[in-house]
Asker: 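So that we are looking at the same thing, I have put the structure below in structure tokens.
Below, chains carry the letters A, B, ... as their sequence lines are ordered, and counting in each starts from 1.
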Amino acid sequence: MIEVIIIGDVTGPSILFIGNDTGGLALTSALTNSVHRYPSFSAFKNSGLASPDGIVLALADETEAVDIAMAIRQDEALWLLPVYSCVSVDTQSLLYPLIDGVVSTLDAAIQSAAAINERTGQLSIDPTLDIDNRVLAFLASRPEGVLRPIPFWQSPRLYRYPLLEALGGRDIDCWAWLGRLQNRGWLTRVKLIDRVRDCKQCGAAHQVFVDTCPNCHDLDIQQVPFIHCFTCGNVAPQRDFMATGRLTCARCQTKLRHIGSDYDRPLEDHECQVCHFAFSEPEVIARCAHCDHRQTPSDLVVRDVLSMTVSDQGRLVAEYGRSQDLLDVFDQVNFARPSVFRFSLDWMLALEHRHAALEFSVVLLRIRDIQKLIDSIGPARVSMLLHGFADRLRDLIRTTDVCTRTSENQFWLLLPFTDGKAGSGLLERLKTFQQQTQQSSGVSLELDIEFFASDLVEDPPHEAEVLMAEMTGRLE
Amino acid sequence: MISLVSDVIETLAEILFMADSGMEFAMRFVPFILFIEVPFYSLVLLGLAKYITRQHFSTPRQVNFRPTVSCIVLCYSEGEGILASIRSLVEQQYSGHVQIIVVIDGAVQNDTTYQVALSAQKRFKHWPQRDIILVPKWQRGGRVSSINAGFNKCRGLVTMVLDGDTSFDNDMIANSVPHFSNENIVAVSGSLRVRNVDASWVTRLQAIEYLISIHTSKVGLSEFNVVNNISGAFGIFRTEFIRAVGGWDAGTAEDLDLTMRIKQYFGRHKNLRIIFEPKAIGHTDVPETMRDFLLQRLRWDGDLYWLYFRKHSSGFVPRLLGWANFIGILWYGVLFQIVMPFMILIYLVYSFFVYQLPQVVAILLLVYGFYLLVTTVFYTVGVAGISERPRADLKQTWLVPIFPAFMLVIRLWATVAVLSELFLHNSRYSTMAPFWVLKRNKY
């Protein structure tokens, strides 16, 4: 029987209290004043009550608590809400990553929830958010949001991420999803928790290691002492030499009296009971407990199990809600691949040599010291600046102009039918915008600009590579 | 020259065929042989016959007796050499528990030896029924202090005291331990063989000496419970008895000293026995040059004199030793080893001054012939009846004819040894222990 109590009035903080085991938590608080009861969690959902500011779980049965926490995290309205438990929770249990902490007083819960809700308010959240952005939003809203793997031996992968399972759905492949998020640069590693080895075939981490005979690969092997007779070179198990009760070579009948002089122990100390092969090192085979696939231990796929948190880039994505790299803004300005750009420039140069009437300009833009800017005004404002600059650029160039990016912060513009005069006009406007980006602290968007106009140069290079190299060199 | 030879032959003929003139000085020669040497050899041969007959006709008794055996391995500067010794103990074909106590004297200066011992301990850590215990003695205290230090750790019914440069046949423990099922046996003397026999002619001659005087003769002595000495390189004892006796005593010749002290209970406890077991075999390296060999014997024979005449002079009585051992030690230890060398020397010098050259040569030939006969007899009995490696022993056969000369050198050298002990007190400057330890010896 679940007791549901709502504490608080409409204007003050409203905390949903689920459970009947208060664990010593005082139900009254200086910040709240009313109490309501509901028979169950679903009853609360059906009541149509407004979303509370936080939820406290007070359930002695951890399985029930996990179920409710998962349901909360999957709920469209409640998934970002702070959830606490007033019953102590083991850090290695499935419940722990789903909640935001264990509280002993209601006031502690209210204060913590307020902090989280404030951060949530700064993020761009809407019901259409995809699961990637949900994860980023969740982690960004918590002061120490960490995706923690929980050891779960029943799982084929040995670890589970309960939070990912809740946000992404039960069927999600957490590991592939994490890999994707990490590759996009949105998550960074906090700590290496474990290193497991997966089956090459099915990806399960439950391996059975068995030592086998290197010759026939049977596992019926035994450790047996061997003797090597110096007289005739016979190498055989010791029991073959003990036929007479004292060590005697079975082949040449020499009485073996002194180790090192008459006989010695060879390196082989194992014998296969099937093929009777003698060897010193057994061959170890890893057999997957799930799919029975056999492989050598070196064939197993090594997988690092990590705890992860949101990176700065991921945090920006959470705030702006757009799946874009910081500088990706430029990639939408008539963007072409560098190879296409070079081809076009080659063509323009060839045409220019043929028909001098064709005029074109090439602009090289480099944004200097982005990191310094981020350090001084923060990534959010830098992003805004770059957005603004990209917008400006988009306004300035025409649909027939081609843009490319050859490195992190290096951009090229190919402006056909733009002579030196028109091109330099463009540059002026760019420079003006650069000055406008100057902050109160004196820091601004540092642009290095290099300009080439075909009508202003006597004998331009014949190849795009050469021209681009020359321009890059002039920029240094 | 020819006349010399003919005169020699004439003299020999006179002696051998009992001609009157020959009888005269033959009489001076006969006492040596008849009253001292021949009875002794006869006794030993009798004992050998007894042993061989018993071995031949009796069925071996299977004794289910596998007590813990403690082996004290004494190491000094042998370095890598101790590994062979430890390994041969680990590899013993004995199903009981063996405790190997490696004592390293002066472990600071002998760090190589200590490191080898450590690695051996690690290497054989998981062998069943074998425990290797290290006792590194940082301050060098000499052989006796090492043995006693190791003895403190002995938990076995049987304790063995072994040298770090001596290795053993794999049946050594299995052959020596069954004796201790007889309550009356308090010690077993093990046999020694020369390991570096092929190194030089000196080592080959010593191989013959060890075969005859240790491996064969002691079997005969053992039958009558008059084993002369339990070798320090290879001694096997009943632990409780040694504990009661008080362990080893500081000073040189600690092996002979302990043997004496054990025998000093035989007078009062008639059933106690010391056995020699020829099937318990240890292999040791012997001096390879004549010089090193003579230095070794200088020490051995000097220590013998000191022990019998100085240290145990008051304990040298039949009431303590029992009549058999009293007579045995007197005869073999004192007469043979101490008095005889002087008698030989004096007689040789006397002959040179008194007799003509041909007669001297004849006498020498006669003496040589006698000892050659004795050597041949014992060698044959040893190789045919006692030795477990007859083919290896037969390789030294070609040296048997010159072996008596070697024995003569040893005997004459014994006089030097005794004299140097008598006047120079060499035992005080032994290499067996540091001076400050030897100085504390009352004797």
Asker: For atom CD of A:Gln253, is the number of surrounding heavy atoms from other residues, nucleotides or ligands below 6.0 Å larger than 12?
Answerer: yes
Asker: May I have the list of side-chain donor-acceptor pairs in residues 210-227 of chain A shorter than 3.5 Å, sequence neighbours left out?
Answerer:
unit_1, atom_1, unit_2, atom_2, d
A:Thr212, OG1, A:Glu283, O, 3.0
A:His217, ND1, A:Glu283, OE1, 2.7
A:Asp218, OD1, A:Asp220, N, 2.9

Asker: Using a 6.0 Å cut-off, check whether atom CD of B:Glu80 has over 12 heavy atoms from anything other than its own residue.
Answerer: no
Asker: Select all residues of residues 198-210 of chain B having any heavy atom within less than 4.5 Å of some heavy atom of chain A, and report them by number, or 'none'.
Answerer: none
Asker: More than 12 foreign heavy atoms under 6.0 Å from CZ of B:Arg391: is that the case here?
Answerer: no
Asker: Could you please state which residues from residues 256-275 of chain A sit under 4.5 angstrom from chain B, measuring non-hydrogen atom to non-hydrogen atom, sorted by number, or 'none'?
Answerer: A:Leu256, A:Arg257, A:His258, A:Ile259, A:Asp262, A:Tyr263, A:Asp264, A:Arg265
Asker: Select all residues of residues 84-101 of chain B having any heavy atom within less than 4.5 Å of some heavy atom of chain A, and report them by number, or 'none'.
Answerer: B:Arg87, B:Ser88, B:Glu91, B:Gln93
Asker: How many angstroms lie between atom CG of B:Asn175 and atom CZ of A:Arg246, to the nearest 0.5 angstrom?
Answerer: 7.0 Å
Asker: Decide if atom CZ of A:Phe209 counts as having more than 12 heavy atoms of other residues, nucleotides or ligands within a radius under 6.0 Å.
Answerer: yes
